[in-house]
Number of protein chains: 2
Amino acid sequence: MKQGNETKIRILTVANELFYHQGFNSTSIANIVDKTKLSKGNITYHFKSKQAILEGIVEQRLLDIDGLLNQWDMEIIAPLDRLLRFCGMLIDEQDNLKYYGCPMGTLTGELSKNQPIHYKITLPMFKRFRSWLTQQFLLLNYPPEQSDENAMELLSRVQGISVITHVFKDKEFLNKEIKKLKETLHIEYGGGFIP
Amino acid sequence: MKQGNETKIRILTVANELFYHQGFNSTSIANIVDKTKLSKGNITYHFKSKQAILEGIVEQRLLDIDGLLNQWDMEIIAPLDRLLRFCGMLIDEQDNLKYYGCPMGTLTGELSKNQPIHYKITLPMFKRFRSWLTQQFLLLNYPPEQSDENAMELLSRVQGISVITHVFKDKEFLNKEIKKLKETLHIEYGGGFIP
DNA sequence: GTCTATACGCAGATAGAC
DNA sequence: GTCTATCTGCGTATAGAC
């Protein structure tokens, strides 16, 4: 119990990066051993299986997402500005997106196949964004159902841009599309809900 | 040389389905053996490695894509109708999309990580659609650069819808979004290019 | 062309010393 | 808590008989 939590975090940090960069299936425990400079036994002590590591990562990511969304809620007052900030996230992450794609999207693509771990792992992350986005549209006075529909559409747009940026390794495309998307948000939602 | 080509096709067909349903990394040669009811040695005779199978699959898919696009070119005259037909593909494939995502998109997500096989494998498939879509916009009298931009945006939209449909296992979302997308195409491009 | 049998490495999981 | 050592299965690739 010396500094178990600290090494635990180190393992999660390293594994998260490896899973993101190489994919979950293509990352071995040995890879994690190398990069953490810890022993295989030590890692096993903290996480009994590879999937346990993945679950730990997602737990951490969910906390990060919640933290980010809460921060935006505090720093940004206008719902529309929050939506724009959401889109800006892709600009911030453009280098990662180019080389590795969306951390949630690519992980889902990998996990949703063969086994339904996906439901417990990647789906919750998407749900956080979905409900947060929905909340912003509610604040813009859209009815519940349409708020959710708008949220899903925005999620969809952002995912599409991520995929194409990743596939064609094209940051120019990303910047152009995000700019257009932001303009669309202004036009579509700038005035709030009009029945 | 009895009927080598026939078994070759059988291997490709089965492997293609398995790679799509389970993912490339999670599919073993043994899986292919089971499903083809061929021996492991026989498969090795036709394809010297797992990656060779993948390359064979992509070769086949490229032919399929070209065939499909040529068919559309022949059957459908108006470029706008061709774009609508392109969107309709997602409706046709909605069950597969729900459970396994876009065949090109999910494969890219898997392969683009760790190794750059991706450039030779999945990128060409995307490029076919990109240039075909670009061609349609050119026929609508859009300038070359904007034609390509429109093509990329449409690709992006469609990929986004695929991802979200897959993540949330939501066919209702897909149908609604495709309907909206088609309407948008009508409005945006229905009149052709206006300088 | 198709099969069986085998080699070899690496992955993940486990046991136990310090 | 951290380490080294070992077990076991599965994965790909190969050799060779028919």
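Letters A, B, ... are given to chains in the order of the sequence lines, protein chains preceding strands, and every chain is numbered from 1.
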Atom [atom1] of [X] and atom [atom2] of [N]: how far apart are they, to the nearest Å?
X: B:I11; N: C:dG1; atom1: CD1; atom2: P; value: 12 Å
X: B:H46; N: C:dT2; atom1: NE2; atom2: C1'; value: 8 Å
X: B:I43; N: C:dC3; atom1: CD1; atom2: P; value: 9 Å
X: B:I32; N: D:dC10; atom1: CD1; atom2: P; value: 17 Å
X: A:K8; N: D:dG1; atom1: NZ; atom2: C1'; value: 12 Å
X: B:K37; N: C:dC3; atom1: NZ; atom2: P; value: 13 Å
X: B:N31; N: D:dT12; atom1: CG; atom2: C1'; value: 13 Å
X: B:F47; N: D:dG11; atom1: CZ; atom2: P; value: 20 Å

For the hydrophobic clusters of this structure (ILVMFWY residues joined by side-chain heavy atoms under 4.5 Å, transitively), does one cluster hold both B:L138 and B:L154?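 Per the 4.5 Å side-chain linkage, B:L138 and B:L154 are not co-clustered.
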
Between A:K113 and B:T106, is there a side-chain donor-acceptor contact under 3.5 Å, judged purely by atom types and distance?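 Yes.
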
For nucleotides 12-18 of chain C, 5' to 3', base contacts (B), sugar-phosphate-only contacts (S) and non-contacts (-) with protein non-hydrogen atoms under 4.0 Å give BBB----

Look at atom [atom1] of [X] and say whether more than 12 heavy atoms of other residues, nucleotides or ligands are closer to it than 6.0 Å.
X: B:Y99; atom1: OH; answer: no
X: A:K127; atom1: NZ; answer: no
X: B:E59; atom1: CD; answer: no

Would you please confirm or rule out a distance under 4.0 Å between OP1 or OP2 of [N] and any side-chain N or O of [X]?
X: B:Y45; N: C:dT2; value: no
X: B:T7; N: C:dT2; value: yes
X: B:N42; N: C:dC3; value: yes

Given side chains that start at C-beta, do those of A:K120 and A:Q51 come closer than 4.5 Å, heavy atoms only?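 They are not in side-chain contact.
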
Parallel under 30°, tilted from 30 to 60°, perpendicular over 60°: which one fits the rings of A:Y142 and A:Y189?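 Answer is perpendicular, since the angle exceeds 60°.
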
